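What follows is a short report on a single structure.
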Amino acid sequence: MSRTHPTPAASGNVVLQPATVRPDHFGRTHPDPRADPPTVDLDPSRLRTDEIPVVVPETRRIAAVAPESTPQDDLAGTDPRSTDPRSTDPHSTDPHSTDPDSEADTAAIPIVDARPGSGRAPTALLGAVGALIGWFVAARLLPVDVLGEAQPAVSALLLVGGLAPLAVLPLRGRRPGVLAWVGSLLTAPSAALVGLGGALVVPQLAAAATGPGPIPIPIPGWALVAVGCAGCGVVAVQDVLLGAAGRSGWAVGRGALFVVAQIGALVALCGFAGFAAHGVVLSWLGAIGVCLVAGLVLVPVLVRKAPAPGEGASGMPAAISLVGPAMLYHLVPIVVTVRFGPDTGATFFVAWQLFVVVDLAAAHTVHALSGAVAREPDRTTELVARARKRLLVVFLPVIALGVALAGPLLSAFGANYTDADDLLRLLLLGLAFRLVVTHELGVRQALGHGVGYDRLQLFSAVLVLVVAIALPHTTVGVTDLRLTAIGYIIVQVACAAAVLVIPAARRTDVEVRAP
């Protein structure tokens, strides 16, 4: 079977030649389809046709609502609203996928951690309030010089505890269930070594941990300080792990247990047994031991099912953010007491502790801003302004009341502490400027500017510490320590001016970024 097709000849006549025949894949021959003439006329009837318009019913686009994420999802970085690739694929055929063109769709917005510091803020505030109550009881039971002898050792324990999470930061990608044991094994020896070095460098720390009393203590003071620092460091790491696993409520509950245990041991040792400064230190060591045992039993069970954190969602604090508060709250009173003696140091410390409580309360108020921005990122400017207004409306009257009642507040601790009334007034005045800095710290944290947040916090703490170290050693009382408070005011005014002048620090119309 063959076909022919016309071919033009040189003379112009048409010569019929056989068409090319190719076998198909079954071996059968068939005409070459390229030899067939193309079909030109699709409608031989020549009927008139009109294009029919496509009528689509108008429908209202409904934004897809993604399920809320759990604390474990946030910890692991597996937010169902952001990890499904179909949620942002415009060509997806999944009927449940989100519409990328919908203005109301917020499924792809990164989530800022609504638990700033992983629960560390309420725990720190509760610890400061409990410590203030404990020092009040100690001031009513012991003379001012005895209280001043015990204060550096206790502040050293808290300082090492505040810095202890640095030991587990290199392992922040591990599961909290693993860190519950590995973190304790890493933290305990490093914290004990730091405490031992501090006790050897500053003899006042070891002297306060032991001394003559109704019951002799065979353990040397430097060993007690090292053991106390190790226990306090492990407790601090456990609190961080509880917050990272979404169990910060247990950390707050254990903080309340610590306060009750410490005050009870203080009354028993100093009020009834007749211990002096080492009784205060032993009360703190006993409370640390109780919380440590409770943590070793409960924390591994509470965090064992927590997933490993994903990138940018570790739930662990940054290294630089740990140094600033620890230096400001604990290292400054140690420097003052060691340099100017226990009498002056105890009076300064009581006023400083009142200031710390108010400062932490203000910071805790601003911490709620991160959760609000995460829930409503389109209202960031409004939320920031509302947080600033709430902070000023609540704490400016508190500061004014504290300035007016500085004398009566200190007289409640004892008649020897009323000399620090002007010092407390100056510290509270500096705190009024620090409210601006505190608000800026909360804004930067809410917007995910972690580097700026930590740098500003550390800069403020270092400057205050420099003022305490550089103060001339010519005073014999707490009155001349007002220079430290004046230096603190200057530092806070400088920091407040910086955050108000720098335009980039006040931007609130940027995209919310994940921490």
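Keep in mind that what you see is a predicted model, and the values were worked out from it rather than measured.
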Nearest heavy-atom pair of Ala131 and Gln353: which atoms, and what distance? CB-NE2, 3.7 Å
What are the two closest heavy atoms between Leu125 and Val357, and how far apart are they? CD1-O, 3.9 Å
Would you please classify the geometry between the Phe275 ring and the His278 ring as parallel, tilted or perpendicular, with 30° and 60° separating the classes? perpendicular
How many angstroms lie between atom OG1 of Thr438 and atom CG of Leu391, to the nearest 0.5 angstrom? 6.5 Å
Enter the distance from Asp419:CG to Leu481:CG here, rounded to the nearest 0.5 Å. 11.0 Å
Leu435 side, atom CG; His439 side, atom NE2 - distance, nearest 0.5 Å: 10.5 Å
Output, in order, the C-alpha distance, side-chain angles, deciding distance and verdict of side chain to side chain contact (heavy atoms under 4.5 Å, CB included) for Phe136 and Val350. CA-CA 8 Å; Phe136 173 78; Val350 169; over 6 Å; no
Donor-acceptor contact below 3.5 Å, side chain Arg304 vs main chain Val301: yes
With a 4.5 Å limit on heavy-atom distance, are the side chains of Thr344 and Thr347 in contact? no
Show the atom names and distances, to 0.1 Å, of all donor-acceptor pairs under 3.5 Å that link a side chain in residues 183-200 to residues at least two apart or in another chain.
unit_1 : atom_1 : unit_2 : atom_2 : d
Ser184 : OG     : Ala180 : O      : 3.1
Thr187 : OG1    : Gly183 : O      : 2.6
Ser190 : OG     : Leu186 : O      : 3.0
Ser190 : OG     : Thr187 : O      : 2.9

Would a distance-only check, ignoring hydrogens and angles, find a side-chain to backbone donor-acceptor pair under 3.5 Å from Thr418 to Gly414? no
Main chain of Cys291, side chain of Arg254: is a donor-acceptor contact present, judged purely on distance under 3.5 Å? yes
Distance-minimising heavy-atom pair for Leu266 and Ser283: N-CB, 3.6 Å
